[in-house]
Each structure stands twice: as C-alpha cells, then as structure tokens.
Amino acid sequence: MAEREFPKFAPTHEPKQPLMLDIEDFNRRIVGAYNRGVGETELEADLSTAESFIPPATAKLRDFSYIAPEIPLYDPSNCIGCMECVIECPDTAILAKVIHPDTLERELQKVDDPMVREMVRARFGKTRKYWDTYERKEPGSGGLFGIFIDPTKCKGCAECVEQCDDFALSMLTKTEKNVPLFQKAFRVFESLPETPAEYIKEALLTDMMLAERSLLYVGGAGSCAGCGEATAIRMMLAATGFKYGPENIGIVAATGCNTVYTSTYPYNPYKVAWTNSLFENAATVAMGIRARWDQMGWKHKKLWVLGGDGAMNDIGFQALSRMLMSGMDINVLILDTQVYSNTGGQASTSSYTGQNTKMSYHGREIHGKTERRKEIAQICMMHPDVFVAQTTCADFNHFYKAVLAANEYEGPAVINVYTTCQPEHGVADERASQQAKLAKESRAFPIFIYDPRNGETIRERLDLKGNPAVKEDWYVVPKTGEVIDFIAFARTEGRFAKHFDKDGNPSEELLKAQEDRLKNWRLLQELAGLR
Amino acid sequence: MSISGVEVEKKAVPYPGIPTTADGAEAVVWVETHIGQAACAYPITSSSKMGEGFNYYVANGMRNLWGEPLVFIEPESEHSAASVCEGFAVAGGRVTTFTSGQGLVLMKEVLYTIAGKGLPVVFHIGARALTFHSLNVHAGHDDVMAVADTGWGIVFAKNAQEAGDFAAICRRAAESCGRPFLNVQDGFLTTHTVESILQPEPELLKEYVGEPRLRNLFDPEHPLMTGVVQNQDSYMKGKIAQRAIYARMAPALREAMDEWARLTGRRYHFVESYRMEDAEYAIVGMGSMIETAMATADFLRDQGKRVGVVHVTVFRPFPGPEIVEALRNVKAFAVLERMDNPIAQSNPLTAEIKASFADAIAGTPGYPQIDRVPIVYSGSAGLGSRDVRPGDIIATYEHMWNGRERRYFCLNVKHPLALEPPFDPDIRPAGSFSMRGHSVGGFGSVTTNKVIASFLGMLGFYVQAYPKYGSEKKGLPTTYYLTVANEPIRTHCEMHHVEFVPINDVNAFHHGNPLKGIQENGMVFIQTSKTRPEEVWAGIPKHAQDVIIKKNVRVFALDTVKIAREVAPTPDLEMRMQGIVLAGIFLRVSPVLQHLEASEEELFERVEDALRKWFGKRGEAVVQANLQAVRRGYEEVFEVPRQVMLASQNEAAD
Amino acid sequence: MPKILDYIEYVKTEDGWISRKVHDDGDFIMDRRDPEAILEDISYIERGQRPPWTLLGLPRIIVNGKVFRERDEI
Ligand SMILES: Cc1ncc(C[n+]2csc(CCOP(=O)(O)OP(=O)(O)O)c2C)c(N)n1
Ligand code: SF4
Ligand code: SF4
Ligand code: SF4
C-alpha cells in the first residue's frame with residue numbers, strides 16, 4: 001500500500017500529528033471516483049481513508065440531475081421576489097440574486113452562446129421590492145431579481161412551487177434537451193457577482209439567503225425529496241452565517257437522519273466545521289468543544305448541536321439536560337420529526353398519541369401509540385436560564401428570530417423545530433411547510449419563544465405570538481368557519497389514516513390525542529398568562 | 001534512592017525524581033495537572049480520588065506548565081465524561097478522565113469513536129471488578145478487558161510509581177502515534193496505597209511531554225467533517241487503512257519508554273522479566289499482585305527454587321513475541337488474572353499468550369522460533385481485591401513444580417479448584433515495622449495514616465500505607481495499615497504480621513481481634529481518657545490481656561483527643577491533629593529513632609523541617625501547633641508497666 | 001401531488017392578450033399577472049420566436065389553441 005505524502009492542512013498551529021487530508025486531492029481523486037461510480041472499486045484503502053475526514057462542501061460536486069422526473073420552471077413575470085422558495089428548499093437547489101442591469105449586461109458579455117445569454121437575461125425581472133422602491137428613491141439604482149434552479153441539486157420535491165403564492169413556479173417534466181440548459185444557466189448564475197449589500201435589507205430576515213455567507217449548506221445531501229429537517233438546518237445556518245460568518249460556526253450532530261444524509265462518504269454539504277460522535281452524546285461532545293474554545297478565547301464562535309427528537313428527548317436526554325445546566329454558550333436545534341426517522345420510523349416519546357409508527361403499530365388490538373407526547377421544549381424551559389423556542393420552518397420569520405436570539409443569548413439555548421418527514425408522516429414531497437403550518441394552527445405543535453431575559457415570571461418570558469387565535473382553544477378559519485383542531489390536522493396525514501372510518505369519523509384514540517393537544521395548548525396559555 | 005519494583009538505571013540522569021510519598025491516584029493527578037489542559041470526570045470508586053484531586057487544583061487556580069488555567073467538568077455520567085473529552089480533544093485540547101468498573105464499560109461506545117478519530121487522549125483507570133452477581137468497588141481487571149479491543153493502547157502499572165510515570169509515558173506515546181491510551185492501575189490496591197515514590201520533576205514533564213500542540217479537527221476557520229457515515233464502498237477501507245496507523249503505536253510507546261529511561265533512569269519494558277534468567281517456572285500477570293509475586297520469587301530463590309516472574313506491562317499493543325521470548329525456556333508458567341470468564345477459551349491474558357505461543361511454534365514471521373511450548377497454567381486471583389498473599393504465590397509455584405494436571409485454578413477461596421497455600425511467610429523487607437490501626441469510619445483514620453506515612457517518607461524511610469476499605473459508611477469499624485522499612489516494600493497484600501496496633505475504637509476488642517498477627521515484643525496503643533496505667537489495663541478484656549502477656553507486648557496509652565483539642569488552632573483541625581499526636585506516639589514506640597541514628601533533638605529538628613515543608617504556607621502558627629502535637633504525643637504517651645499487668649494477673653489467679 | 005405543467009397558453013380575448021400556465025391536463029391553472037410581460041412575449045411570438053423566459057425549460061406553447069412550439073422545440 002502506498003503511503004503518500006500529505007500536504008499540510010492549514011492548522012492553527014503546527015500539530016505533531018499530521019492531518020491526512022489534502023482537500024484538492026480529495027475533491028479530484030476521491031469525489032471524482034465516486035462521481036464516476038467507481039469509488040467503491042477503484043479507490044485504495046490508503047491513509048486518507050483511515051480517519052475518513054471530509055473537507056467542506058464536497059457535496060457541491062454531486063450531481064442529482066437525473067434522479068427526479070421534474071424540475072421547477074420559473075416565470076419571472078409573476079415573481080415578487082419574496083424569497084420564500086429559496087428559504088424553504090431543502091436542497092439549496094433554488095437560489096436568487098439581485099443584480100444591477102449594467103452589471104448583468106457586462107457579465108453577459110462573457111457568455112459566448114447567444115441563446116444562453118438570452119436565457120439568463122430573461123430570468124431577471126423587475127420586482128417592486130428590488131426595482132421600484134430603489135428606482136423611486138434614486139433612478140438607476142434598482143436591481144433585477146432572478147431565480148435559478150440548480151438541476152444538480154434539485155430533487156423535484158416541488159416544495160418551492162407549493163411555497164410560491166404568486167404562481168411564479170411550476171413543475172416541468174425534465175427532458176434530455178432541457179436539463180443541459182438548466183445546467184448551463186446555473187453555471188452562468190454562479191459566475192455572477194454576489195448580490196450587492198445595498199439590496200439586502202438586514203431587517204428583512206427573508207433576504208438573508210441572498211448573501212453568500214448565509215448559504216452554508218450547499219445541497220447534494222442524501223435526504224428524501226422535500227425533507228423538512230434539511231430546510232431547518234439550512235435556515236439555522238443562514239441566520240447564523242449571515243450574522244457571524246461561516247468562520248465562526250461549528251456543528252455537533254447527533255446520529256440520526258441528519259448525519260446520514262449529510263455525512264455519507266464522501267459527500268459533505270456543509271461549509272462549516274462539523275463532527276458526529278454517537279446518537280446520544282452530541283450535547284456533551286459540544287460541552288467539550290465549548291470548554292476548549294473558551295479556553296482558547298474563542299468565545300465569539302457559535303456552536304450548534306443538531307439532533308432528532310430521538311437523540312434529544314430520549315436516548316440523549318440526560319446529556320442534553322446536563323448541558324443545559326452547564327450555562328455554556330451552546331445552541332441546540334432539535335429536528336422534531338416525532339419519530340425515529342433514520343431507523344425507519346419507530347415511535348419516540350415525541351410521537352403523538354394514536355400515531356401509527358413502527359414499534360407502536362396501529363393494529364387490530366392496539367391502535368398506534370397509547371402514551372402522550374413528551375414536550376421537550378417545555379422541559380427545557382424548566383432548566384434555569386435556558387433560552388427556548390419552539391417553531392417551524394413555515395414560520396420563517398419566527399424561526400429566524402429564534403435562531404438570532406439563541407445566538408445572541410449567552411448561555412444554553414434550545415430550538416425545537418417541527419420537521420416534516422414525508423415517508424413517516426405519510427405526506428407528499430411538497431408538503432413540508434404546509435404540514436408544519438397546519439401542525440401549528442391545529443395546536444399539534446404550538447410555536448413560542450421563551451426568553452429568560454424578558455423578566456422574572458414565566459408569563460413575561462413566554463411569548464405565544466405567531467399562533468392563530470392565541471386566546472382560544474382552536475383556530476377557526478374566518479372565511480370558511482372550519483375549525484382547525486387536531487383531528488383536522490390528523491386527517492391530512494397518513495400516520496393517522498387508520499383512525500378515520502370510511503365516513504371520515506375519528507376514532508376514540510384520536511379524540512384522546514386531540515384532548516392531549518388541547519391540554520398541552522391550555523398549559524401553554526396558562527404559562528403565558530393567557531388563561 | 002531506588003524505588004519499589006521499578007528497575008532504576010544506575011547512572012547520573014538529568015531528572016532523578018523528587019522523593020515523596022503518594023498513592024497511585026495522587027501520582028497520576030500530579031502529572032495530569034502539570035501537563036494537561038482539562039479533565040472531565042464522573043465519580044466512581046476508586047477513580048473518584050483522581051477526579052477530585054484534579055478538581056482540587058482547578059478550584060485553587062492551578063495552571064499547567066505552560067501557564068494555562070485548567071478546566072474541570074463533571075458531567076452526568078461516564079458516557080458523557082468520555083464524550084466531553086472527545087469534544088475537547090476534537091477541538092485540539094489535551095484532556096483526560098478517570099474512571100473504573102461500570103464507568104469504563106459505560107464509556108465503551110465513546111472509546112471507539114475517540115480512537116477512530118485519532119484523538120490522542122489518555123484516560124486513567126482504577127481497575128475495578130464489574131457488577132455481576134453483586135457489586136464490588138475493589139480491584140478487578142474485567143472492566144479493562146471489556147474495553148480491550150476499542151483501539152486504545154493499554155498499559156498496566158503495578159505500583160504508584162509506575163502509575164505516575166505511565167501517565168507521562170502514555171501521553172507522549174499517544175501524541176506521537178495519534179492514538180489514545182488507557183493507563184491502568186489496580187483500584188484501591190494502587191490508587192489508594194501511599195508509597196514512597198520519585199515524583200517526576202515539573203521541568204522533566206515539560207521537556208518530555210512537551211507543550212500541547214494537537215491537531216484541531218474542529219476549527220471553524222478550517223472547517224472539516226469528522227465522524228462520517230460509510231457504507232460497503234468505504235467503511236472497511238477506512239478500518240483496514242488504520243492498520244498502518246496502529247503499526248506506529250508500539251514504536252511510539254517504545255520510544256517514550258526509552259526516552260523516559262534516558263531522562264529519569266527508570267527503565268520500563270513492554271514485558272518485564274524478573275529473575276527469569278534461569279527460571280524453570282514463572283508467574284505471569286498484570287498489576288499489583290505481580291509485584292507481590294516478585295517479592296515472593298525472591299523468597300523462593302533464597303530457598304533454591306528456580307522461579308521468575310513476568311509482568312505484562314503493555315497489554316495493547318499486545319507484545320506476543322516478547323512474551324514468548326521471556327517464557328520460552330521455562331517448563332511451565334502460570335498466568336494469574338484478576339477476573340474469570342469460565343466460558344471463554346481461557347481468561348483473556350492466558351488466551352493471548354497461548355495464541356502467541358501457537359504463532360511462534362507455527363513459525364509465524366516476527367515470532368521467536370521455538371520447538372516446544374511450556375505447560376500453561378491459568379489462575380484467577382484477587383477478584384474484587386480478594387487478598388493475594390505470598391502463600392498463594394507459593395501454592396501456584398508448587399502446583400507447577402508438582403506438575404499437577406489441572407490447568408485452571410483459583411487462589412484464596414474455599415473451592416475445589418482452589419490451591420491451598422503450604423505456608424504463608426512474612427516476606428516484608430528485613431527490619432520492617434508494620435502498624436495496623438483500628439478506628440471507626442469518619443474518625444479521620446485515613447488521614448492519620450497518610451500523615452504518618454508522609455512524615456516517615458520525609459524522614460527518608462520507605463513506606464506503604466493504606467486503609468482497608470469496605471463499602472460501608474460512617475460509624476463502622478475500619479482498619480488502616482502502614483509499613484515502614486529501609487527497603488522498598490513490594491507486597492500488596494493484607495498485613496498479617498504487625499508490630500504496632502494503635503486502637504482508636506473503644507469497641508475494637510469486642511467486635512474482632514485487634515491483636516491478630518501481633519508479633520512477639522510488639523506494641524499496642526490505646527486511645528483513652530484514663531490517666532492511670534492500672535485503669536488502662538483494667539479496660540482490656542481478659543483474653544486480650546493473656547495474649548499481651550504471652551507475647552510480651554508493650555501497652556501504651558494517651559488521650560490524643562484531649563491534646564488535639566488543646567493544640568488545634570481551629571476546631572476543624574482537631575481530627576487531623578489527633579493523627580499528628582499519633583505520629584508523635586509512633587515516633588516514640590517505633591524503631592525509627594534507632595534507624596535514623598539520630599538524637600531526639602535531631603529528630604525534632606527534622607520533624608519541624610518536614611512540618612514546615614508541609615504546612616509552611618498556612619503560616620508559622622500552624623507549623624508550631626503541629627510540632628507541639630507531635631511533641632506532646634512523643635513525650636506524654638505513657639506505658640502500662642509490666643508489673644501492673646502481672647499484678648492484675650496474679651490478682652485474678654488469687 | 002405536484003402539479004405538472006402541460007403548456008403555456010396565450011389567448012387573445014376582447015380585453016387583450018391573456019396568458020396562463022396549464023397543469024395536470026387542465027386541472028390546475030395559473031394565471032400570469034403581468035400584462036406588460038405578456039405583451040412582450042407576444043411581440044416575440046409575432047416574430048415567430050419563443051418568449052425568452054421559456055428558453056430555459058422549453059415548455060410547449062399554445063397560442064390561441066394552436067401549438068406554437070412543441071416541448072423542447074427552440
Ligand atoms: C446507542 C444507539 N442506539 C440506537 C441507534 C440506532 N439509531 C440511529 S439513529 C436512530 C434514530 C434517530 O432518531 P431521531 O433522533 O429522532 O432523528 P431522526 O432520524 O428522526 O432525524 C436510531 C434509533 C444508535 N445509533 N445508537
Ligand atoms: S423542487 Fe424541491 S429541490 Fe427542487 S428547487 Fe424546488 S424545493 Fe428545491
Ligand atoms: S416564492 Fe415565488 S414569488 Fe417568491 S421569490 Fe420565489 S418565485 Fe418569486
Ligand atoms: S426519512 Fe424523514 S427526516 Fe429522514 S431524510 Fe427522509 S424526510 Fe428527512
């Protein structure tokens with residue numbers, strides 16, 4: 001076996017032990033072999049595989065162009081530049097830029113193919129947000145807004161289409177002819193300069209993903225099409241990166257879906273430092289890192305722990321609780337799929353009553369999960385001086401605010417985020433944010449922010465803003481009079497399907513689940529001083 | 001000064017060591033607080049002592065040799081302690097933990113990830129029996145064996161000196177080969193036994209281990225992904241590729257041992273052969289009982305028996321060829337192990353040694369060429385700190401030289417598989433003076449014992465001191481042991497021969513026999529508020545009086561509690577002062593003064609020096625109070641005259 | 001289930017040109033809302049060219065009920 005010489009990996013200081021990783025070689029030789037489909041057979045068991053570290057963003061080189069049958073088609077004339085499609089895409093496959101027309105023309109000069117030039121030019125349009133408001137203030141200052149799809153990253157989930165209320169996106173069948181065009185256009189898009197700062201309004205959180213420092217998750221991960229977790233991770237990184245920059249972020253991930261789709265050799269979608277140890281110890285590994293960072297004077301760097309409800313509510317609960325008592329500046333993002341998604345969907349303590357999952361199957365005798373759901377966010381609140389938020393990606397402003405506050409908060413912070421898991425919830429690929437929204441509205445998953453800085457009492461600290469009809473039991477849609485209760489939510493998801501008879505009447509167990517959700521909601525109302 | 005059981009090269013070396021007394025736990029903490037950056041530990045007997053020790057220095061603002069403040073974290077479990085260590089090490093820090101028994105097996109999952117990521121940490125283990133049919137807090141090796149295949153180097157110390165030295169050696173080796181090490185010592189038997197040691201000088205540690213310069217795998221400015229997922233395409237490649245890295249472990253450890261020998265004169269080997277030159281029979285094993293076996297081998301050699309001992313210091317990487325080389329010429333050897341797994345091929349060390357011989361005789365490259373395999377016996381001994389005595393070692397040799405058929409046996413329990421010791425000699429160094437104290441839990445007897453040991457150590461004697469720990473709490477009778485000698489003390493067994501028995505527990509005569517093993521012309525001290533010899537004598541039960549008279553034992557008495565109360569500058573020091581008073585009594589009754597060939601005046605000058613070294617920082621008043629306590633113990637202790645004893649006997653006879 | 005685009009439609013009505021995106025065999029229709037943009041598209045169509053925004057994707061285009069461009073036809 002050949003022992004190659006490994007060039008040094010720019011370390012903080014020269015370590016005694018060399019890092020056996022050469023980024024250029026990794027991207028060329030190793031990722032190259034995998035991309036050609038010969039990684040398994042051709043690559044040697046050499047020293048670079050011994051510890052199997054992966055450099056950042058290798059998943060950028062992964063090509064999913066031919067896995068999905070459809071791809072979004074963008075119609076700039078309907079687009080208002082709201083950025084919601086960009087925010088919600090789990091795979092960083094749909095991106096936006098704002099560009100001054102002169103810059104655009106100058107850049108297009110560099111493109112040889114007149115058709116490609118035309119194609120790219122036609123993607124940019126004049127929106128009120130980036131054109132009119134600027135032009136009104138100062139003629140000649142407006143920017144053109146354009147959306148581009150990266151066919152190598154798009155999994156065709158149609159989440160973006162579902163998210164676009166302005167009918168600017170449709171799903172288009174891929175053909176041998178149109179896919180290369182998407183690829184060409186995206187290459188030009190990438191060569192265009194970054195959106196200038198004057199077009200990014202800091203106050204407008206939705207604009208954060210215009211900045212490159214927010215795009216720290218490059219896609220190319222092996223998650224299911226439309227996965228709600230991936231969106232949550234991207235959004236957390238966007239808010240953190242926008243404020244602090246990638247050079248100040250590290251992630252400790254607990255084993256679960258998130259580690260499997262983001263770290264399967266040799267594809268790494270992250271541009272930030274990342275480590276995984278085990279299923280149950282992410283919070284305590286983070287304590288070690290934080291201790292060392294603080295010892296080195298790296299107090300300003302942001303450390304995030306990622307893990308599913310299994311990792312945080314269940315097997316890693318004691319480690320999480322311990323970390324919360326450390327007072328250390330560590331943030332936790334709980335990806336609450338209400339199930340052990342990674343291992344194929346077994347019940348966790350976060351699963352809902354009645355939920356049909358593996359290990360709490362809905363059978364003839366027993367009808368799904370019989371216990372109540374454990375509310376991890378509320379439990380975290382009872383640890384002294386811990387910032388806690390519960391949120392969903394559909395409520396992007398709420399989500400972003402929670403992340404920004406968690407980062408500002410000098411101490412432990414926990415954000416429990418509802419993450420749709422298509423296969424285990426029994427919902428369609430494009431439903432991630434719609435189901436999350438419904439979960440919130442139906443009290444299945446109320447959102448809140450608990451900020452210990454806001455006062456002495458729980459009611460001062462706990463803010464239920466963002467939930468519809470906060471003072472009521474259930475939310476009633478004004479136009480239709482429809483009551484959005486837990487049953488209404490359950491009706492839309494396969495995991496509860498067996499609880500409805502052929503006429504659509506809910507089972508006894510589901511009524512119990514509804515009672516559980518109402519009790520939980522009333523408890524929150526009481527804690528927030530609304531009852 | 002040579003040191004117990006450790007080969008010391010007789011030449012001038014840059015760092016000969018600082019003579020002192022310490023137990024194995026303290027020896028490790030000394031090294032770690034100097035060279036380390038952090039410790040994350042969770043309490044479990046017997047390793048807690050190390051975590052507490054490290055924390056004590058952190059709480060007092062100690063900095064390491066490079067001026068960095070130390071970090072200590074106590075998480076909520078050993079799984080988390082190991083995880084915090086992983087995090088600290090991933091971010092490029094030098095870190096340690098201390099654990100035992102259940103704690104070590106609870107860490108197991110994390111041990112693999114630490115090794116796999118190439119984090120060169122060192123964990124210190126007070127080896128402890130695992131909870132099986134019952135819980136036991138004492139020494140056993142099944143915990144270490146349970147994690148023996150997690151990719152960590154494993155080094156076994158057999159005394160406090162080695163435990164401390166190996167802390168440094170493992171660190172250097174780990175950081176040079178990029179893989180972690182376990183530094184193992186026997187729980188209580190080594191962790192809590194105070195011995196005379198040569199403490200590594202801070203300058204030595206600074207030069208030898210060097211500034212922490214570890215690769216930072218979690219530097220956001222140079223982001224990296226570690227701990228990834230791999231499938232059929234790559235997992236096995238990664239695992240097999242690690243062979244090349246593990247190939248560096250043995251050379252790294254060898255280099256670390258060589259360099260240590262060059263700097264300190266203390267020479268360690270992967271396999272330590274003791275009196276093996278022409279040995280026909282050998283005992284093989286790991287940890288403290290093997291030092292007892294070494295002392296016993298000396299005794300047997302004096303009787304003309306050709307016996308030797310082999311200590312397997314390094315269990316991982318397993319030194320198969322060296323072991324074969326060491327044992328190839330004997331007729332038979334017996335492997336003693338502190339665990340038992342009845343359904344394995346053999347207990348683990350035996351199995352690996354047998355496999356090494358199989359490789360050797362099969363001509364496997366790298367192994368010595370042999371044409372016969374000695375008879376291999378295997379014994380279980382010392383489980384949960386069950387005593388392993390010279391008599392048990394002799395029984396083992398006897399079993400071998402009688403060519404007994406039974407290849408497996410156990411020691412020191414009543415069982416058909418057990419070997420019966422033919423006799424149990426006193427193999428302490430000539431002129432040893434041993435004390436067994438009887439006290440009550442919570443009375444500070446552990447401290448008393450340590451105070452006396454440190455004292456004697458400072459006066460230039462070899463000491464060994466330890467309490468007998470049960471798992472019981474306050475208020476129950478406890479005993480503590482101390483031996484002082486002019487030579488290293490290498491036996492790690494319970495003391496059956498004592499010259500001096502101080503009794504602090506008024507009930508000692510009622511719930512046991514405090515005079516057990518007392519030697520002819522021995523001495524007893526009784527803590528009492530009585531001031532007249534007659535009264536003191538009258539307080540001793542008849543059966544004990546008979547022994548005292550028959551063995552010509554001298555009886556001393558004093559109210560140390562009262563003295564302590566009078567001299568202690570603050571009430572919290574009273575308990576400790578009682579110990580100091582007893583130290584004075586010890587100086588009076590033991591042959592220390594003769595050994596020192598000093599006058600009383602000189603003795604007290606040296607005592608004062610010692611006290612100043614120790615308490616100097618707390619101010620002159622404390623030094624003087626202590627000196628007064630020693631003096632009063634020395635001067636005021638009174639003896640029950642022989643006539644008083646005999647008079648009462650005569651009365652009784654009348 | 002995701003709505004799949006069938007074609008882009010331009011229709012001249014009494015009130016002028018309208019344009020729609022027809023999905024799922026006509027089950028789902030998206031109106032295009034920017035009259036200026038539609039007129040610009042028509043100017044291309046009148047010149048016999050694909051509206052530029054459809055160059056990327058090359059969807060089928062139907063103008064007043066007649067296929068103007070097939071899918072993938074430039
Ligand atoms: C000690 C241990 N037990 C079980 C597993 C198997 N396992 C890996 S991930 C996982 C479930 C993860 O569930 P969750 O934390 O909710 O994350 P999700 O996959 O849903 O995102 C399980 C059971 C493991 N890796 N380690
Ligand atoms: S279809 Fe899905 S993956 Fe593709 S761009 Fe839209 S949201 Fe992203
Ligand atoms: S969601 Fe629709 S309107 Fe908003 S930016 Fe995306 S395409 Fe434009
Ligand atoms: S199983 Fe669920 S959580 Fe896992 S990748 Fe798929 S959608 Fe995401």
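The chains referred to below are lettered A, B, ... by the order of the sequence lines, with proteins before strands, and numbering in each begins at 1.
Shortest non-hydrogen contact noted between B:Pro223 and A:Pro56 is O-CD, 3.2 Å. Looking at every heavy atom in both residues, A:Ala273 comes nearest to B:Pro220 through CB-CA, 3.9 Å. Scanning all heavy atoms of the two residues, the minimum distance from B:Arg248 to A:Leu47 falls at NH2-CD1, 3.7 Å. For A:Thr262 against B:Met225, the heavy-atom pair with the smallest separation is O-CE, 3.2 Å.
Ranking A:Asn268, A:Thr41, A:Ile54, A:Thr49 against chain B, the residue ahead of the rest is A:Ile54, based on heavy-atom pairs under 4.5 Å. Per-residue heavy-atom pair counts under 4.5 Å with chain A were compared for B:Ala38, B:Gly227, B:Ala91, B:Ser83, and the maximum is reached by B:Ser83. Ranked by heavy-atom pairs under 4.5 Å with chain B, the list A:Met287, A:Met325, A:Glu280, A:Arg290 is led by A:Glu280. Chosen from A:Pro266, A:Ala319, A:Ser277, A:Pro55, the residue pairing most often with chain B at heavy-atom distances under 4.5 Å is A:Ser277. Ranked by non-hydrogen atom pairs under 4.5 Å with chain B, the options A:Leu278, A:Val272, A:Val260 are led by A:Leu278. Top candidate by heavy-atom pairs under 4.5 Å with chain B, chosen from A:Met323, A:Lys302, A:Gln318, is A:Gln318. Contacts with chain A were tallied for B:Val71, B:Val229, B:Val90, B:Val110; B:Val229 has the most, counting heavy-atom pairs under 4.5 Å.
Rounded to the nearest 0.5 Å, atoms NE2 (B:His222) and CG (A:Leu21) are 12.5 Å apart. The structure places CD of B:Glu86 at 8.0 Å from CD1 of A:Ile289, a figure rounded to the nearest 0.5 Å.
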Kindly determine whether A:Lys301 and B:Glu221 satisfy side chain to side chain contact (heavy atoms under 4.5 Å, CB included), including the steps that lead there. CA-CA 10 Å; A:Lys301 294 201 192 287; B:Glu221 286 177 35; 3.0 Å; yes
A:Thr264 vs B:Gln230, test: side-chain hydrogen bond (donor to acceptor under 3.5 Å, both in side chains). Steps then yes/no. CA-CA 6 Å; A:Thr264 296; B:Gln230 292 184 324; over 6 Å; no
Show your reasoning for whether side chain to side chain contact (heavy atoms under 4.5 Å, CB included) applies to A:Ser321 and B:Glu76. CA-CA 9 Å; A:Ser321 175; B:Glu76 87 309 332; over 6 Å; no
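The one candidate from A:Phe53, A:Tyr265, A:Tyr267 that meets the side chain to side chain contact (heavy atoms under 4.5 Å, CB included) condition with B:Val228 is A:Tyr265.
Contacts of A:Glu51 with chain B are made by both backbone and side-chain atoms, with heavy-atom separations under 4.5 Å. For a residue to count as touching a neighbouring chain, one of its non-hydrogen atoms must lie under 4.5 Å from one of that chain's; by this rule B:Ile114 does not touch chain A. Interface residue B:Thr113: only side-chain heavy atoms are found under 4.5 Å from chain A. Interface remark: A:Met296 contributes side-chain atoms only to the contact with chain B (heavy atom separation under 4.5 Å). Of the atoms belonging to B:Glu68, it is side-chain heavy atoms, and not backbone ones, that fall under 4.5 Å from chain A. Proximity to chain B (any heavy atom under 4.5 Å) is shown, for A:Ala291, by both the backbone and the side chain. Contact of A:Leu303 with chain B is made through the side chain alone, with heavy-atom distances under 4.5 Å. Contact of A:Lys271 with chain B is made through the backbone alone, with heavy-atom distances under 4.5 Å. Only the side chain of A:Tyr270 has a heavy atom closer than 4.5 Å to any heavy atom of chain B. Proximity to chain A (any heavy atom under 4.5 Å) is shown, for B:Val95, by neither the backbone nor the side chain.
At most 12 non-hydrogen atoms from other residues, nucleotides or ligands lie less than 6.0 angstrom from OH of B:Tyr57. Around atom CE of A:Met382, more than 12 heavy atoms belonging to other residues, nucleotides or ligands sit under 6.0 Å away. No more than 12 heavy atoms of other residues, nucleotides or ligands shown are found within 6.0 angstrom of OH on B:Tyr235.
Looking only at atom types and distance, the side chain of B:Asp233 has a donor-acceptor partner in the side chain of A:Tyr34 under 3.5 Å away.
Of the possible polar contacts, one joining the A:Gln295 side chain to the B:Gln37 backbone as a donor-acceptor pair under 3.5 Å is found. For the pair B:Lys237 (side chain) and A:Asp46 (backbone), a donor-acceptor distance under 3.5 Å is absent.
At a heavy-atom cut-off of under 4.5 Å, chain B is reached by A:Glu247, A:Asn248, A:Ile249, A:Gly250, A:Ile251, A:Val252, A:Thr259 from residues 247-259 of chain A, listed in order of number.
Between B:Phe218 and A:Trp274, a ring centre-to-centre spacing not shorter than 6.0 Å is recorded.
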